[in-house]
Amino acid sequence: MSVLDDIGGEDKLRDLVETFYDLVETLPEGSNLRRLHGRGHGVPHARVEQFNFLSGFMGGRHYYKEKHGHMDVKLMHAHVPIRQVDAENWLFCMRKALADEGHTGPHIDKLNTVFERVANILINDVVDWEDDMDFPPRTP
């Protein structure tokens with residue numbers, strides 16, 4: 001039995017992804033995640049690709065790989081400045097989404113541990129795009 005089966009299949013995964021991104025779009029913890037997605041294709045695109053990736057990641061159909069030819073999460077995020085706080089905020093939103101969708105138990109504890117490991121390997125030292133921008137000096 002796969003993790004995808006454990007959470008109830010593709011429909012439940014889609015619900016999870018939608019709840020996750022609803023949280024990203026509304027909670028303060030999602031503010032920088034929204035900004036980071038805004039530099040790419042945006043949150044609507046991320047909703048689709050997160051489902052596609054997680055389906056294969058959880059042992060279901062590999063939609064992401066079929067579309068993009070790989071499942072290398074590090075490569076997907078190599079251009080994105082991801083800090084420890086971003087990883088923590090992503091995890092906060094995902095854990096809340098899992099709880100809000102009623103997912104509990106040892107299989108969810110294990111999934112959260114895997115998510116934590118993956119989130120932490122994505123932390124990098126890519127220069128933040130805003131660090132390269134010329135902002136006018138702030139006046140007190």
Side-chain angles (χ1 to χ4, degrees):
M1 186 169 226
S2 70
V3 175
L4 186 59
D5 293 329
D6 287 341
I7 67 164
E10 285 190 5
D11 289 340
K12 292 294 185 180
L13 176 59
R14 194 169 311 282
D15 292 344
L16 174 64
V17 170
E18 291 301 317
T19 297
F20 170 77
Y21 278 107
D22 289 349
L23 294 169
V24 166
E25 290 191 300
T26 59
L27 294 178
E29 290 84 358
S31 65
N32 199 48
L33 301 175
R34 290 189 300 272
R35 181 182 74 87
L36 293 174
H37 282 301
R39 289 292 299 222
H41 299 288
V43 171
H45 174 80
R47 288 175 185 263
V48 172
E49 294 297 1
Q50 183 84 78
F51 171 84
N52 289 343
F53 177 81
L54 287 177
S55 176
F57 184 77
M58 292 181 171
R61 183 168 170 185
H62 288 152
Y63 296 108
Y64 191 92
K65 186 175 184 179
E66 291 170 13
K67 186 175 179 181
H68 300 285
H70 69 88
M71 291 280 292
D72 186 339
V73 72
K74 188 93 168 146
L75 177 63
M76 292 173 214
H77 295 87
H79 64 288
V80 181
I82 300 173
R83 306 297 177 253
Q84 180 70 44
V85 68
D86 301 317
E88 291 168 4
N89 286 334
W90 190 95
L91 290 165
F92 174 85
C93 291
M94 182 54 76
R95 288 178 180 137
K96 182 162 177 35
L98 283 162
D100 288 356
E101 288 295 317
H103 298 292
T104 61
H107 64 289
I108 298 302
D109 295 339
K110 183 177 178 182
L111 181 60
N112 277 320
T113 298
V114 172
F115 280 154
E116 184 173 347
R117 192 171 348 151
V118 172
N120 285 322
I121 68 163
L122 296 180
I123 297 167
N124 61 42
D125 60 358
V126 172
V127 174
D128 193 299
W129 307 294
E130 291 182 1
D131 291 346
D132 289 338
M133 298 174 75
D134 283 331
F135 289 105
R138 291 185 183 188
T139 55

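Just so it is clear, the structure is predicted and the values come from calculations on it, not from any experiment.
- Other residues, nucleotides and ligands contribute at most 12 non-hydrogen atoms within 6.0 Å of the CG atom of D125.
- At a threshold of 4.5 Å between non-hydrogen side-chain atoms, the residues L111 and V3 count as touching.
- Under the 4.5 Å side-chain heavy-atom criterion for Ile, Leu, Val, Met, Phe, Trp and Tyr, F20 and V114 are members of the same hydrophobic cluster.
- Between R35 and D128 there is a salt bridge, since a side-chain N of the basic residue sits under 4.0 Å from a carboxylate O of the acidic one.
- Under the 4.5 Å side-chain criterion, counting only non-hydrogen atoms from C-beta, L16 is in contact with M94.
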Between N32 and V85, does the side chain to side chain contact (heavy atoms under 4.5 Å, CB included) criterion hold? Intermediate values first, please.
CA-CA 9 Å; N32 199 48; V85 68; 5.8 Å; no
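- Atom CD of E88 is separated from atom CG of N120 by 8.0 Å, given to the nearest 0.5 angstrom.
- One finds the NE2 atom of H62 at 14.0 Å from the NE2 atom of H68 (value rounded to the nearest 0.5 Å).
- With hydrogens and angles ignored, the 3.5 Å screen pairs no side-chain donor or acceptor of D15 with any backbone N or O of K12.
- Taking a cutoff of 4.0 Å between a charged side-chain nitrogen and a carboxylate oxygen, D22 and R47 qualify as a salt bridge.
- L54 and M71 end up in the same hydrophobic cluster when Ile, Leu, Val, Met, Phe, Trp and Tyr side chains are linked at under 4.5 Å.
- Residues M76 and L122 fail the side-chain proximity criterion, which asks for heavy atoms closer than 4.5 Å.
- Residues passing the salt bridge (Lys or Arg N to Asp or Glu O under 4.0 Å) test with R61, sequence neighbours excluded: E66.
- Using a 4.5 Å heavy-atom threshold, the side chains of V126 and H79 count as separate.
- The backbone N or O of N124 lies less than 3.5 Å from a partner atom in the side chain of R83, making a donor-acceptor pair.
- Annotation: side chain of E116 is in contact with side chain of R95 (closest heavy-atom distance under 4.5 Å).
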(message) Does L98 form a side chain to side chain contact (heavy atoms under 4.5 Å, CB included) with N112? I'd like the steps, not just the answer.
(response) CA-CA 9 Å; L98 283 162; N112 277 320; 3.4 Å; yes
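- Taking the six-membered ring where tryptophan is involved, the planes of F57 and F115 are essentially parallel, since the angle between them stays under 30° and well short of 60°.
- At a threshold of 4.5 Å between non-hydrogen side-chain atoms, the residues L13 and I7 count as touching.
- V17 and V48 fall into different hydrophobic clusters, defined by Ile, Leu, Val, Met, Phe, Trp and Tyr side-chain heavy atoms under 4.5 Å apart, directly or through other members.
- Contact annotation: the side chain of E10 approaches that of F51 to within less than 4.5 Å [non-hydrogen atoms, C-beta and beyond].
- In this structure, the side chain of S55 does not engage the main chain of N52 through any donor-acceptor pair within 3.5 Å.
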*asked:* For H41 and E49: C-alpha separation, side-chain torsions, deciding distance, then whether side-chain hydrogen bond (donor to acceptor under 3.5 Å, both in side chains) applies.
replied: CA-CA 10 Å; H41 299 288; E49 294 297 1; over 6 Å; no
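- Proximity of Y64 to H70: side-chain heavy atoms (C-beta onward) are separated by under 4.5 Å at one or more points.
- Interatomic distance, CD1 of I82 versus CG of L36, reported as 7.0 Å (0.5 Å rounding).
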